[in-house]
Amino acid sequence: MKRARIAAPDFNLDLTLNSGQVFHWDRKGNGYAGVIGDKPLFVEQQGDALLAPAGSENLVSRYFALDHPLPEIYRTFPGDPAMTSALEYCRGMRIIRQPVWECLATFITSSMKQVAHIRQMSQAIRRGFGAFPAYPTPGRLARAGEEQLRACMLGYRAKNLLATARLVASGAVDLVAIGKLDDDEAHARLRRLPGVGPKVANCVLLFGYGRLKAFPIDVWIGRVLRENYFKRKRNVTEKRLRLFSAAYFGEFGGYAQQYLFHRARMEGR
DNA sequence: TCCCAGGTGTCGC
DNA sequence: GCGACACATGGG
């Protein structure tokens with residue numbers, strides 16, 4: 001297959017694909033095999049270029065967000081030690097533009113699960129509903145039974161994913177319309193879906209809708225914030241963390257969050 | 001074995 | 001509004 005060479009400055013494919021944003025890319029040789037929407041493909045980084053199948057240039061550039069102005073984004077990061085070392089560690093990582101449904105569904109399954117296990121569930125769901133390697137549509141999941149989802153190792157999450165799939169498939173919830181709302185409204189609308197709380201809603205805003213200010217707070221980020229920005233303070237509430245992060249990290253807080261998250265996870269703290 | 005994981009829903013105050 | 005607790009499952 002003929003490959004295209006896409007200019008990709010300020011980009012690190014390994015970091016981008018291994019930072020817990022997406023869970024369905026597999027290392028193969030010097031690159032990665034995966035799927036963008038329903039298109040399977042192989043991508044490989046060579047220096048400042050990204051190699052991808054000829055004809056997929058626009059799809060690939062958009063998915064990997066090669067248009068995000070990283071130097072400008074970095075200039076908005078606070079200069080504290082935690083952020084500085086996270087930037088040093090993660091330079092070139094980009095916030096992927098994921099298909100919204102796939103992102104929403106995957107993060108509904110992510111609660112109280114390690115990244116390795118989220119990958120297994122994603123794989124099982126992709127294999128189990130006839131669209132492999134693409135993620136099954138809301139309609140396809142809505143027609144399935146809870147037992148079929150439980151067979152994908154979802155546990156109690158099966159019920160939530162099924163209920164959300166039915167709401168989206170029926171048109172009761174319009175994911176495209178939500179994309180036209182401002183951040184707060186979109187967040188509130190997402191929150192109405194079963195299995196979607198503040199953290200998952202922010203993941204969908206950030207990774208699905210490209211709202212780069214959205215700041216998901218999970219156990220890792222909670223730990224990072226408490227250890228670095230609330231030293232010696234006890235009883236720091238979730239609300240306190242939310243208000244602080246929104247004010248402190250600014251317009252590209254989602255990027256800051258992802259860098260802090262990945263660095264903390266790799267350092268094992 | 002025991003502990004934890006990119007949390008959410010529910011309940012009681 | 002906030003804190004406590006249940007919820008499934010696999011990996012370390």
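Computed from a predicted structure; not experimentally measured. Chain identifiers are assigned alphabetically (A, B, ...) following the order of the sequence lines, protein sequences preceding nucleic acid strands; residue numbering begins at 1 within each chain.
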On a whole-Å scale, what distance lies between the [atom1] atoms belonging to [N] and [M]?
N       : M      : atom1 : result
dG6(B)  : dA4(C) : P     : 23 Å
dC5(C)  : dC3(B) : P     : 16 Å
dT9(C)  : dT1(B) : C1'   : 16 Å
dC11(B) : dA8(C) : P     : 15 Å

Spacing between [X] atom [atom1] and [N] atom [atom2], to the nearest angstrom:
X         : N       : atom1 : atom2 : answer
Ile217(A) : dT8(B)  : CD1   : C1'   : 16 Å
Glu238(A) : dC2(C)  : CD    : C1'   : 12 Å
Arg265(A) : dG12(C) : CZ    : C1'   : 14 Å
Arg234(A) : dG3(C)  : CZ    : P     : 15 Å
Trp220(A) : dG7(B)  : CH2   : P     : 11 Å
Leu243(A) : dG1(C)  : CG    : C1'   : 14 Å
Leu190(A) : dG7(B)  : CG    : P     : 18 Å
Arg192(A) : dG9(B)  : CZ    : P     : 14 Å

Does Phe252(A) have its ring centroid less than 6.0 Å away from the ring centroid of His68(A)?
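When the ring centroids of Phe252(A) and His68(A) are compared, they turn out to be at least 6.0 Å apart.
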Ring centres under 6.0 angstrom apart (Phe244(A), Phe230(A))
yes
Both Phe207(A) and Asn160(A) contact DNA chain B. Taking the nearest nucleotide for each, which residue is further toward the 5' end?
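Looking at the nearest nucleotide for each, Phe207(A) comes out on the 5' side.
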In terms of the nearest nucleotide of DNA chain B, which residue is placed more toward the 5' end: Val196(A) or Ser19(A)?
Ser19(A)
Side-chain ion pair, Arg211(A) and Asp182(A), N-O less than 4.0 Å
no
Would you call Glu44(A) and Arg3(A) a salt bridge, using N to O less than 4.0 angstrom?
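Yes, Glu44(A) and Arg3(A) are salt-bridged.
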Carefully, step by step, assess Phe11(A) and Asp48(A) under the rule side-chain contact (heavy atoms from CB on, under 4.5 Å).
CA-CA 7 Å; Phe11(A) 179 61; Asp48(A) 277 349; over 6 Å; no
Sequence-distant partners of Asp67(A), salt bridge (charged side-chain N to carboxylate O under 4.0 Å, His left out), two or more places apart:
Arg97(A)
Output all residues satisfying salt bridge (charged side-chain N to carboxylate O under 4.0 Å, His left out) with Arg62(A), sequence neighbours left out; order by chain, then residue number.
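Arg62(A): no salt bridge (charged side-chain N to carboxylate O under 4.0 Å, His left out) contacts found.
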Nearest-nucleotide pick for Lys239(A), side chain only, options being dA5(B), dC2(C), dG6(B)
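Nearest to the side chain of Lys239(A) among the choices is dC2(C).
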Could you check whether Leu193(A) gets within reach of a base, just the sugar-phosphate, or nothing at all, counting any heavy atom under 4.0 Å?
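The residue Leu193(A) makes sugar-phosphate contact but no base contact.
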What is the nucleic acid contact for Gly195(A), judged by heavy atoms within less than 4.0 Å: base, sugar-phosphate only, or nothing?
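The answer is sugar-phosphate, as Gly195(A) gets under 4.0 Å only of primed atoms, P, OP1 or OP2.
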Base of dG6(B) and ring of Phe107(A) stacked, centres under 5.5 Å, planes under 30°:
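The base of dG6(B) is not stacked with Phe107(A) (the test needs centres under 5.5 Å and planes under 30°).
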One character per nucleotide, please: for nucleotides 4-11 of chain C, 5' to 3', B when the base has a protein heavy atom closer than 4.0 Å, S when only the sugar-phosphate does, - otherwise.
---BBBBS
How about CZ on Arg240(A), more than 12 heavy atoms from neighbouring residues, nucleotides or ligands closer than 6.0 Å, or not?
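No, not enclosed.
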